[in-house]
Participant: 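Okay, handing you the structure first.
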Number of protein chains: 2
Amino acid sequence: MKKITIGEASRKSGVKVPTIRYYESIGLLAEPNRSEGNQRSYEPADLRRLAFIRHARELGFEVEAIRALLTLQDDPHQSCASADAIAKTRLIEVEQRIRSLMALKAELELMVEGCGHGRVDQCRVIEVLADHGQCSHSHH
Amino acid sequence: MKKITIGEASRKSGVKVPTIRYYESIGLLAEPNRSEGNQRSYEPADLRRLAFIRHARELGFEVEAIRALLTLQDDPHQSCASADAIAKTRLIEVEQRIRSLMALKAELELMVEGCGHGRVDQCRVIEVLADHGQCSHSHH
DNA sequence: CCTACATCCTCTAGCGACTAGAGGTGCAAG
DNA sequence: CTTGCACCTCTAGTCGCTAGAGGATGTAGG
């Protein structure tokens, strides 16, 4: 049993040192054992948990969603309906976000194309932003 | 000259009342005249400015970018190259964001499809999150 | 054994862009 | 004149970290 320092845990999991301490402080990660000199000492299971958290964060899951997923993971005998629901919700969010970003992209392209590199008073970038009526009114 | 209260300005611009006061506090919006009873009194130009800000925020421009755009708008004789640059930068950001969300969507779909509605220990949602190696390693 | 230096510790404060709430004042209608 | 909403200021909270101060520990070389 070699002791894993927080720095090593950070390198191996890809989660920054202060972020690991932060996750501990909000209860996402259990308090690890300490060395004689009060330094955190992690175990392989902690590394897996950190990788899980990191990956879920990269996928845009909120901390509370991750907390729920971790609770499920800790008790693998229950139905995975909740995990499924969390992922589905997130999928819908992502699809919605993609749709609005595509609309946004179209609008930005119009702006940039329309900019004749002249003076501001002829610039479509400013104009489009100023005149709300010119774009799609898709306000959630 | 009818006086426009902050509530009316909010309704007409779609910017919430506390947010209008916030924009004033950070200098995006000039301090308006006050009524005898110390209440803010806006003018049509303020409504246009608020609509501009709101629209730009909806398009995901950061407040500092909006500040720059507003400065340009306030002096329309200069070249619109800066406005163009700001919009182009934003366009690239948006394109990047769309790309990563598409990758994410694919991964989430895999998860949800793979979930056989059984128990957690067979659930792909949990599994995919736990095993980092199963997904694309596109970490900026 | 001593020194240098990296790494660790705790704690507090800051980021962006608001949002919520407390506690008080102004104003228009009935 | 009172009710009740809209307004005022101010502070603190949100989320998910990140940065920095100021000090302790651990390790490698001399």
Side-chain angles (χ1 to χ4, degrees), chain A residues 2-29 31-43 46 49-70 86 89-90 93 97 139-140, chain B residues 2-29 31-42 46 49-50 52-70 86 89-90 93 97 139-140:
Chain A
K2 60 177 188 296
K3 56 199 164 176
I4 304 173
T5 67
I6 197 169
E8 257 180 271
S10 170
R11 257 167 274 127
K12 285 182 178 153
S13 68
V15 179
K16 287 181 198 159
V17 169
T19 307
I20 294 176
R21 287 196 277 250
Y22 169 71
Y23 287 158
E24 184 186 323
S25 81
I26 61 168
L28 265 198
L29 200 65
E31 296 184 16
N33 294 327
R34 300 286 185 130
S35 74
E36 290 197 11
N38 196 35
Q39 302 198 186
R40 287 168 179 84
S41 175
Y42 292 97
E43 291 170 41
D46 296 315
R49 201 174 175 93
L50 276 173
F52 183 100
I53 296 171
R54 183 199 164 194
H55 192 192
R57 285 293 300 139
E58 276 169 3
L59 293 183
F61 287 92
E62 292 174 7
V63 164
E64 283 319 299
I66 295 172
R67 197 190 298 277
L69 289 168
L70 283 168
I86 292 169
T89 303
R90 179 79 194 123
E93 280 166 22
R97 191 95 187 95
H139 304 137
H140 50 116
Chain B
K2 60 177 189 298
K3 57 200 165 178
I4 303 172
T5 68
I6 198 170
E8 258 180 271
S10 171
R11 257 166 275 125
K12 285 183 179 155
S13 68
V15 180
K16 287 182 198 156
V17 169
T19 306
I20 294 175
R21 287 196 278 250
Y22 169 71
Y23 287 158
E24 184 186 322
S25 81
I26 62 168
L28 264 199
L29 200 65
E31 295 184 17
N33 293 328
R34 300 286 185 131
S35 74
E36 291 196 10
N38 196 35
Q39 301 199 190
R40 288 169 180 82
S41 175
Y42 292 96
D46 296 315
R49 201 175 175 91
L50 276 173
F52 183 100
I53 296 170
R54 183 199 165 196
H55 192 192
R57 285 295 299 139
E58 275 169 3
L59 293 183
F61 287 92
E62 292 175 6
V63 163
E64 284 319 298
I66 296 173
R67 197 190 297 278
L69 290 168
L70 284 168
I86 292 169
T89 302
R90 180 77 195 125
E93 280 166 21
R97 192 93 185 97
H139 305 136
H140 45 115

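A, B, ... follow the sequence lines: proteins, then strands. Residue 1 opens every chain.
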Participant: Taking only N and O in the side chain of A/Arg21, is any of them less than 4.0 Å away from OP1 or OP2 of C/dT10?
Facilitator: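 Checking C/dT10 against A/Arg21, no side-chain N or O comes under 4.0 Å of OP1 or OP2.
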Participant: Can you find a side chain N or O atom of A/Arg40 that sits less than 4.0 Å from OP1 or OP2 on C/dT10?
Facilitator: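 A/Arg40 to C/dT10 OP1/OP2: side-chain N or O found under 4.0 Å.
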Participant: May I have the distance from A/Glu62 (atom CD) to D/dC17 (atom P), rounded to whole angstrom?
Facilitator: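 To the nearest whole Å, that distance equals 11 Å.
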Participant: Any side-chain N or O of B/Arg34 under 4.0 Å from OP1/OP2 of D/dT9?
Facilitator: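 Indeed, a polar side-chain atom of B/Arg34 lies that close.
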Participant: Without decimals, in angstroms, what is the distance between A/Ile20 CD1 and D/dT18 C1'?
Facilitator: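 In whole Å, D/dT18 C1' and A/Ile20 CD1 are 14 Å from each other.
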Participant: Output the rounded distance in Å from CD (B/Glu8) to C1' (D/dC5).
Facilitator: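 Taking CD of B/Glu8 and C1' of D/dC5, I get 15 Å after rounding.
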Participant: Please state how far atom CD1 in A/Ile66 lies from atom P in D/dG16, giving the value in whole angstrom units.
Facilitator: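 Going from CD1 in A/Ile66 over to P in D/dG16 covers 8 Å.
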Participant: Using atom CD of A/Glu24 as one end and atom C1' of D/dC17 as the other, report the distance to the nearest whole Å.
Facilitator: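 Atom-to-atom, A/Glu24 to D/dC17, this comes out as 16 Å.
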Participant: State whether A/Thr5 places a side-chain N or O below 4.0 Å from either non-bridging phosphate oxygen (OP1 or OP2) of D/dG26.
Facilitator: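 No, A/Thr5 has no side-chain N/O under 4.0 Å of OP1/OP2 on D/dG26.
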Participant: Should the pair A/Arg90-A/Glu93 be classified as a salt bridge under the 4.0 Å nitrogen-to-oxygen rule?
Facilitator: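 Counted as a salt bridge, because a side-chain N and a carboxylate O are separated by less than 4.0 Å.
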Participant: Checking B/Gln39 against B/Arg34 for the side chain to side chain contact (heavy atoms under 4.5 Å, CB included) test, could you report, in this order, the C-alpha distance in whole Å, the side-chain angles of both residues, the deciding distance, and whether it holds?
Facilitator: CA-CA 5 Å; B/Gln39 301 199 190; B/Arg34 300 286 185 131; over 6 Å; no
Participant: Side chain of B/Asn38 only, heavy atoms from C-beta on: which candidate in D/dC8, C/dT19, D/dG16 is closest?
Facilitator: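 Of the candidates, D/dC8 comes closest.
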Participant: Closest-nucleotide mapping onto DNA chain C: is A/Ser41 or B/Val63 further toward the 5' terminus? I mean the 5' end.
Facilitator: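 Looking at the nearest nucleotide for each, A/Ser41 comes out on the 5' side.
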Participant: More than 12 foreign heavy atoms under 6.0 Å from CD of A/Glu24: is that the case here?
Facilitator: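 Result for CD/A/Glu24: enclosed.
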Participant: How long is the span from the CG atom in A/Leu28 to the CG atom in A/Leu50, to the nearest 0.5 Å?
Facilitator: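 If we round to the nearest 0.5 Å, A/Leu28:CG and A/Leu50:CG are 9.5 Å apart.
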Participant: Of B/Leu69, B/Ile66, B/Val63, which meets side-chain contact (heavy atoms from CB on, under 4.5 Å) against B/Ile53?
Facilitator: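 Passing option: B/Ile66.
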Participant: Output the rounded distance in Å from OH (B/Tyr22) to C1' (D/dG13).
Facilitator: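 Computing the B/Tyr22:OH to D/dG13:C1' distance gives 14 Å.
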Participant: Please figure out whether A/Arg57 or B/Gly7 has its closest DNA chain D nucleotide nearer the 5' end.
Facilitator: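 Closer to the 5' end of DNA chain D: B/Gly7.
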Participant: Regarding B/Glu36, tell me which of base, sugar-phosphate or nothing describes its non-hydrogen contacts under 4.0 Å with the strands shown.
Facilitator: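 B/Glu36: no heavy atom of the nucleic acid under 4.0 Å.
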Participant: Determine: side-chain N/O of B/Lys16 to OP1/OP2 of C/dC18, distance under 4.0 Å, yes or no.
Facilitator: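 No, outside the criterion.
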Participant: Within the pair A/Thr19 and D/dT18, is there a side-chain N or O less than 4.0 Å away from OP1 or OP2?
Facilitator: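 Yes, A/Thr19 has a side-chain N/O under 4.0 Å of OP1/OP2 on D/dT18.
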Participant: Would you mind telling me which of C/dA17, C/dG26, C/dA28 lies closest to the side-chain atoms of B/Gln39?
Facilitator: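 The nucleotide sitting nearest to the side chain is C/dG26.
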Participant: Starting from the 5' end of DNA chain D, give me the residue, A/Ser35 or A/Tyr23, whose nearest nucleotide shows up first.
Facilitator: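 The answer here is A/Tyr23.
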Participant: Rounded off to whole Å, could you give me the OH-to-P distance for the A/Tyr42 and C/dC8 pair?
Facilitator: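 One finds 10 Å between P of C/dC8 and OH of A/Tyr42, rounded.
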